[in-house]
Structure formats: C-alpha cells, structure tokens
Amino acid sequence: FLCGVYCSAWRFERVNGLMKCVLGTTVGFGAFFAFHSIFKTPISDVYNFANYVASTFGIVAVRIIYGYLYVVLKPYFISKNAGATLIVGAGCAGRMLLEDLQRSKDEVYYPIYFVDDDQEKINKTTCGVKVYGTTLLIPEICKKLKIKNIWLAIPSASDAKRMKLRNACDGCNCVVRELPRVNELIRQKSLLKQSKKLKLEDLLGREEIHFENKSVEDLINNSVCLITGGGGSIGSELCRQIVKFDPKKIIILDIYENNAYDIQQELKISSPNADISVEIASVRDYDKLNLLFNKYRPYVVFHAAAHKHVPLMEDNPEESVKNNIFGTYNVATLCDLYKVKKMVLISTDKAVNPTNVMGATKRFCEMIMQYMSQKGSSTEFTAVRFGNVLGSNGSVIPLFKRQIEAGGPVTVTHPDIIRYFMTIPEAVSLLLQAGSMAKGSEIFILDMGESIKITTLAENIIKFYGYEPYVEMPIVFTGLRPGEKLFEELLMDEEGLQSTLNEKIFIGNQIAIEPIKFSENIKELEIACKSNNSKKVVQCLHKAVPTYIVPERKVAYSPLQQEKCMEKSHQSVPAIK
C-alpha cells in the first residue's frame, strides 16, 4: 500500500509498476525480518527467505500473466464496433501511439499487429502487440484479419517512403491515418489527440437542442423550396436537412458559384434522386429574381443571403444596405407577388439595439417582414433571430484555429466579451421549425442557454491543441472593434416573449410599423446607396432604425492592461465539456 502497488491497472503494468511490487515485498519482509530478529520467533531464516522470493515472484508473475491474457483474450470480448487496427512502425512513435490507443476509453481502434521493415523487430512484442512482418505484408494482413484502420506511425519517414507506404495501403479498404512529421509533433503531447477533430458542440457548454420533425415534414414534403444564399454555411445546411423530407424540388440560389457547386455535388451523392437546381444570381437583381420566381413558383423561401461580417460592413455600409436590405425587399416583394406560402428570414441577435451597420440592416430586414405582413399579404413572413453560429464562415472558431496553427497569438477583442452560440444544425433546425410554425410577422427566438465568454472559448480551444493558455500560447486583447458590443441581446426593451408549443422556441412581440414612414426610409436609403455615399447611408440607417446607436470606439490595450486582462481571465477557466 505504501509503495503504491494498488494504484495501477494490471493490464497496463510496465517495468516501473513491477518494480513497485518488488520494493513493496522487500520493505514488508525487511520489517518482518527485523521483527523476527528482535523477538526471536521460531521461524527459520531459510523459510523466511523462501517466502520472500516466492511472494515477490508470485505477485509480479500474476500481474504479467494478467496483462498477457488481457491482450490475448480481449479480441473475444471487444465490441463489434471496435476497429481492428494495424500500426505501421514499431519504433518510439508507434509505441507511444499504441499506449494512447490502449488507454483510450472508446474502442474505435483496437491494435492487432505492428509491421516494421526492421528485421530485428519482427516476431517480437511491443506492449503486448506482436510485430507481424515487413510493410510488404500490409495487404495480406488487412485481408486476413479484416483490418479497418491503418496508422502510419513513422514521423521521421521521407516523402518517398510515405508515398510508398500509402501505395501499399491502397486497395486494402481501410481508413488510413498518419502521424505528423517530427517537426510537427506538439511538445510530445498525446499522439492520438493530434488526429482528433475539434467537436464544435463540445464548446457550447450545454446539450445540443433537437426538434421533432413532423411539422417540418408537413411543410417541406412535396414542396418547391428556394434557398437564397444556398451555398453558405447556413444555406448549405438548410439544403442538407430539407432534402431529407423529400421536397418536390430544391432551388439553390447563390452569387458565389463555387459554394453552390459544392453543395450541389454533395447532395447528388447523398440524395441522388432529389430534384436540385442551382441558379447563380444576386438577390440585388430584381429582374433576374422575377424570372426565377416565375419559372419555379416556390412554395416556401428561406432567405439566407446576406453580408454578415461586422468590421467589413462598417467600412462598406452601402454594400451592406444594397445586399441585406434591398436584397431582402426584392425577395419579399416577389414572395408577395407570386403568393409564396412562407418566407423565412434569417436574422441575428445583432439586430437588437444594433451598434453596427450589419446589425442595423438586419433589424430593418425584420421590419420588412412585418411591413409585408401588415399590408395583408397572403404570404406568411417570419424571421428567426439567433446568436453566433459555431464554425460558420467568418466565425471566431476558424479564426482561433488558424491563429493557433500559425503559432499564435490568439486575439480576443475584450476579456469580458460574451456571446450566445449555437451549432449550424441547431440554427437550421430552428429555421425549419419556425417555418412550420409561422403564421405571419413573428420573430422566433431560440433559448440558447447561457452565454459563453469568448476568452473562455479561446482558452478551451488552446487546451484542445495541447497548449497551456497564456504560457505556451499567448492571448492578446486588441480592444473592441467598431460597432462591437460586450454582449448581445435577444430582445429589445419594447419586445416581450410569447411561448410556443416548443419549450425552446419563443416569439418576440413586434412593434407596429408606420407604412408611410417605412416607404420614405426605403426611398432615402435607395438614393443614398445609388450615390455610394457611405456617410449618407449611415445617416439614413440611423433614421430608419431608431434603436441604432454607435458606441464609443475602444482602442487596443496597453501592455499593462494586457497583463491585467490576462490575470483576470486566468483566474477561472472552465474545462471543455
């Protein structure tokens, strides 16, 4: 007990653990010999020594045998989901990888054999796993033992050697992974960990929200669905989820042809029988949109096309208005003209008491939805308001990843800045639910749980990559950007919440729109945009969106302020779920 013998798992016993057993029996029998010598007990020294040798040998042997039987018998008890794994390379990297795989709680990888071109290692055992033969036997082993995974664990191999190994794995019908090169290994951190992908849902700090799909199926099934901005983060996920409900047709509309092409090809593979059309067009172009609406006659429209990057829109306000406001107005007008059943606008929490151009334009888009509803349209216009989307194009997660992979530093605008987050599938599920529940003029809001501190998010991602925040990977606080708030809101003061049948979805009470004033604001914005006068555009936005207020701009932090921010943020760093 004193030597820590009972603190180790027998199946992972190594030389250090076995030496603890020897030390434990030596200390124990040493104390017994001292007792025997002092009190002259009637036991012979030969017996005492034989007892010591037998006990030491027996305790060590039991553990060695148990570890051996564990390796030999484990294949008969392992889950059917476990993947038989072959490790190429029985050197230091291969042994480290093997130990990581053996310690892993899941059974995705189950090491069966090593292969290595070093003849001295063949038929020898490393950590209970035998070196079967050379790399020439890879196809034979994969076929004979039904190998599912191959790990190339030779980080020092040349490019030619790596290509040769990859070629040997071709045709084996296995998932092939390889460890990074020696200079890419991160300070001897876990090798298994380096192959894992960052799971965005682990950063939420809450369980993912799932919705029932009966009402969504009733809306989508056998319907013509138009998705503007269909190639973007939200738009493409909309396409993926909508196609599961067997729509009559999906029209992917986007101005960026590469993204539209990618989602089209993805859907062709996943849903070969789906009727999918791609249209390259801008929502700014009313005449082209009119032709498309007349051609396809959509039943439901999901409007995801928008400029969303806050700093860029601050520098280009006229482009934000042209695309976000007039693009939305064009789509809404055509939905009304062609009697589309539902139009669902994607909005943002930045539309609430906006402090930037992008948020102000999205708030005006919400007002367009209500204006169209107030004039008695047969189309059910609705908006969905949610926070930041984890992993979307231009979001903070990809930025942090790029900064860490480049060696840092990781930049955060303010140590206390917080945001509401949701995953892309959650956001799209909400959009579909809102579309199925909409009756007209609502703004749907998702209960996203607790907000997340951006500093904590950065610290957790740094830890995932194997670094210690502030020590091995610095975090630099750069000051709030133009138009950026410390925290986002989901409701304005004038709004309240109405519950729905879904406990995670609420409806914000809307503020009445004055039609004459609204029309005047639209005309003024149009004139300002045609002149490309940024200052005039912002002035018109302030007039059109009374809650739009520009905060005082914060400058970057001094070294002393950086140090204070670091101390404040470093006091409590919650672990990743």
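What you see below is based on every heavy atom in this structure, not just the backbone, and it leaves out hydrogens, waters and symmetry mates.
- A salt bridge is absent between K530 and E318; no separation between the charged side-chain nitrogens and carboxylate oxygens falls under 4.0 Å.
- Taking a cutoff of 4.0 Å between a charged side-chain nitrogen and a carboxylate oxygen, E237 and R240 qualify as a salt bridge.
- Distance alone, capped at 3.5 Å, places no donor-acceptor pair between the T413 side chain and the T478 backbone.
- We find that E380 and K439 are not joined by a salt bridge, their nearest charged nitrogen and carboxylate oxygen being 4.0 Å or further apart.
- By the 4.5 Å heavy-atom criterion applied to side chains, I404 and M473 are counted as neighbours.
- Between K322 and E526, no side-chain nitrogen of the basic residue sits less than 4.0 Å from a carboxylate oxygen of the acidic one, so the salt-bridge criterion is not met.
- The backbone N or O of A512 sits nowhere less than 3.5 Å from a side-chain atom of Q374 that would complete a donor-acceptor pair.
- Here the side chains of L525 and F326 are in contact, with some heavy-atom distance below 4.5 Å.
- Side-chain atoms of D336 and K375, non-hydrogen and from C-beta on, do get closer than 4.5 Å to each other.
- Counting heavy atoms from C-beta outward, I475 and I462 have side chains that approach closer than 4.5 Å.
- Between the S377 side chain and the S373 main chain, no donor and acceptor come within less than 3.5 Å of each other.
- Between the side chain of N533 and the main chain of K536, a donor-acceptor pair closer than 3.5 Å is present.
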- [ ] Could you walk me through whether L226 and I252 pass side chain to side chain contact (heavy atoms under 4.5 Å, CB included), step by step?
- [x] CA-CA 6 Å; L226 169 64; I252 303 171; over 6 Å; no
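- Within the 4.5 Å cutoff, side-chain heavy atoms of N323 are placed close to those of R284.
- Contact of the I227 side chain with the I251 side chain is not registered, since no non-hydrogen atoms from C-beta on lie closer than 4.5 Å.
- Heavy-atom neighbours of Y261 OH from other residues, nucleotides or ligands within 6.0 Å: at or below the threshold of 12.
- For the atom pair CE of M372 and OG of S378, the computed distance is 9.5 Å after rounding to the nearest 0.5 Å.
- Listed for the S271 side chain is no donor-acceptor partner under 3.5 Å among the backbone atoms of V243.
- Annotation: side chain of Y548 is in contact with side chain of V538 (closest heavy-atom distance under 4.5 Å).
- Under the side chain to side chain donor-acceptor pair (under 3.5 Å) rule, S347 has a single partner from E366, K362, R385, which is E366.
- Annotation: the span from S277 atom OG to I250 atom CD1 amounts to 10.0 Å, rounded to 0.5 Å.
- Heavy-atom contacts from other residues, nucleotides or ligands closer than 6.0 Å to CD of E217 number more than 12.
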Task: CA sep, side-chain torsions, deciding dist, call: V537, C529, side chain to side chain contact (heavy atoms under 4.5 Å, CB included) - done: CA-CA 6 Å; V537 168; C529 284; 4.2 Å; yes
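- Taken to the nearest 0.5 Å, the CD1 atom of I424 stands 6.5 Å off from the OG atom of S236.
- Every pair passing salt bridge (Lys or Arg N to Asp or Glu O under 4.0 Å) that includes a residue from residues 243-263 is listed here, sequence neighbours excluded: K249-D275.
- Salt bridge annotation for E459-K463: absent, with no cationic side-chain nitrogen under 4.0 angstrom from a carboxylate oxygen.
- Rounding to the nearest 0.5 angstrom, the gap separating the CE atom in M369 from the CD1 atom in I513 is 11.5 Å.
- Shown here for Y299 and S223, the closest heavy-atom pair between the two residues is CD2-OG, 3.5 Å.
- Checking L289, I325, T228 one by one against N330, the side-chain contact (heavy atoms from CB on, under 4.5 Å) holds for a single residue, L289.
- Between F364 and F518, the gap from one ring centroid to the other is short of 6.0 Å.
- Going from atom CG of N294 over to atom CG of L337 covers 9.0 Å, rounded to the nearest 0.5 Å.
- A donor-acceptor distance shorter than 3.5 angstrom exists from the side chain of H414 to the backbone of D416, with no hydrogens or angles considered.
- The CZ atom of F302 sits 5.0 Å away from the CG atom of L432 when rounded to the nearest 0.5 Å.
- For the residue pair Y338/N290, the side-chain donor-acceptor check at 3.5 Å is satisfied.
- Checked by atom type, the side-chain pair S320/H307 shows no donor-acceptor distance below 3.5 Å.
- At least one side-chain heavy atom of I234 sits under 4.5 Å from a side-chain heavy atom of V428.
- Applying the ring-ring contact (aromatic ring centres under 6.0 Å, His included) test to Y296 and every residue at least two apart in sequence or in another chain returns nothing.
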Open item on the list: Set out, in order, the CA-CA distance, both residues' side-chain angles and the distance that settles side chain to side chain contact (heavy atoms under 4.5 Å, CB included) for D287 and D285, then state yes or no.
Closed with: CA-CA 6 Å; D287 294 332; D285 189 342; 3.9 Å; yes
- [ ] Go through L267 and C239 one step at a time and tell me if the side chain to side chain contact (heavy atoms under 4.5 Å, CB included) criterion holds.
- [x] CA-CA 8 Å; L267 294 180; C239 295; 3.8 Å; yes
